[in-house]
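Data first, discussion second: the structure below is written as structure tokens.
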Amino acid sequence: MSKEKIDWKSKLSPEAYEVLREKGTEPPHSGQYNMHFENGTYVCKGCGAELFDSKTKFDSGCGWPSFDKAKEGAVRYEPDHSLGMKRVEILCNNCDGHLGHVFDDGPTETGQRYCVNSLSLNFNPKKP
């Protein structure tokens with residue numbers, strides 16, 4: 001699946017639809033992947049595109065899953081001036097699904113904190 005016309009409401013739960021297609025945000029500390037630290041790959045819930053490797057995930061304390069970098073070419077960046085703030089929105093480069101935002105306050109050498117909604121993700125565990 002890519003950016004073609006898809007019936008997103010029939011494909012996604014109402015909550016995932018609100019985040020991925022309507023640019024919503026799940027409440028902090030509510031997402032299933034916030035404190036999830038298994039080995040594997042986080043993929044877009046909308047289209048299955050690989051977005052983040054588990055090795056890039058860290059506990060930022062912000063209440064949402066946080067990563068210090070995305071997979072090469074997986075994420076698109078858009079200016080976001082909503083809510084009276086200047087932020088950078090991150091979207092799945094394959095299906096345009098809203099993932100969250102990226103900030104320049106990460107604690108690792110990248111200096112990045114990709115703050116992502118669990119509702120926009122699925123997880124594929126690493127096979128032994």
_To the nearest 0.5 Å, what is the distance between CH2 on Trp8 and CZ on Arg21?_
4.5 Å

*Which value, rounded to the nearest 0.5 Å, describes the distance between Asn93 atom CG and Tyr77 atom OH?*
9.5 Å

*Spacing of OG belonging to Ser120 relative to OH belonging to Tyr33, to within rounding of 0.5 Å*: 10.0 Å

*How many angstroms lie between atom OG1 of Thr108 and atom NZ of Lys69, to the nearest 0.5 angstrom?*
9.0 Å

*Nearest 0.5 Å please: distance from the CD atom of Glu72 over to the CD atom of Glu50.*
13.5 Å

*Yes or no on side-chain contact (heavy atoms from CB on, under 4.5 Å) for His101 and Asp80, after CA distance, side-chain angles and deciding distance?*
CA-CA 9 Å; His101 293 85; Asp80 178 0; 2.6 Å; yes

*Is Ser66 reaching over with its side chain to a backbone N or O of Trp64, donor-acceptor style, under 3.5 angstrom?*
yes

*Just jot down the ring pair (Phe, Tyr, Trp, His ring centres under 6.0 Å) partners of His29, sequence neighbours excluded, or say none.*
none

*Side-chain contact test, heavy atoms from C-beta onward, threshold under 4.5 Å: evaluate it for Ser60 versus Cys115 and give yes or no.*
no

*So if you build clusters from Ile, Leu, Val, Met, Phe, Trp, Tyr with side-chain heavy-atom gaps below 4.5 Å, do Phe52 and Leu91 land together?*
no

Give the table of side-chain donor-acceptor pairs shorter than 3.5 Å for residues 36-45, with sequence neighbours excluded, one pair per line with atom names and distance.
{"unit_1": "His36", "atom_1": "ND1", "unit_2": "Tyr42", "atom_2": "OH", "d": "2.7"}
{"unit_1": "Tyr42", "atom_1": "OH", "unit_2": "His36", "atom_2": "O", "d": "3.2"}

_Lys11 side chain to Ile6 backbone, donor-acceptor under 3.5 Å_ = no

*Examine distances only and state if a side-chain atom of Asn117 and a backbone atom of Glu26 form a donor-acceptor pair shorter than 3.5 Å.*
yes

*Answer with yes or no whether the hydrophobic clustering places Tyr17 together with Leu20; edges join I, L, V, M, F, W, Y residues whose side-chain heavy atoms lie under 4.5 Å apart.*
yes

_Do the side chains of Asp96 and Arg76 get close enough for a salt bridge, i.e. N-O under 4.0 angstrom?_
yes

Return a table of donor-acceptor pairs under 3.5 angstrom between the side chains of residues 121-128 and protein atoms on other chains or two or more places apart.
none

*If you measure from OG on Ser118 to CD on Gln32, what distance do you get to the nearest 0.5 Å?*
6.0 Å

*Taking His98 as the fixed residue, which of Glu22, Glu18, Glu89 is the one that meets the side chain to side chain donor-acceptor pair (under 3.5 Å) rule?*
Glu89

*Checking side chain to side chain donor-acceptor pair (under 3.5 Å) for the pair Ser82/Arg87: CA distance, chi angles, key distance, verdict?*
CA-CA 8 Å; Ser82 64; Arg87 301 181 292 175; 3.2 Å; yes

*Spell out, yes or no, whether Leu51 and Val102 are grouped together once hydrophobic residues are joined by side-chain heavy atoms under 4.5 Å, including indirect joins.*
yes

*Going by heavy atoms in the side chains, are Asp59 and Met35 under 4.5 Å from each other?*
yes

*asked:* Under a 3.5 Å distance rule, please check whether Lys57 uses its side chain to pair with a backbone N or O of Asp68 as donor and acceptor.
replied: no

*Would you please test Arg113 and Phe58 for side-chain contact (heavy atoms from CB on, under 4.5 Å) and show each step?*
CA-CA 9 Å; Arg113 177 173 55 94; Phe58 64 95; 3.9 Å; yes

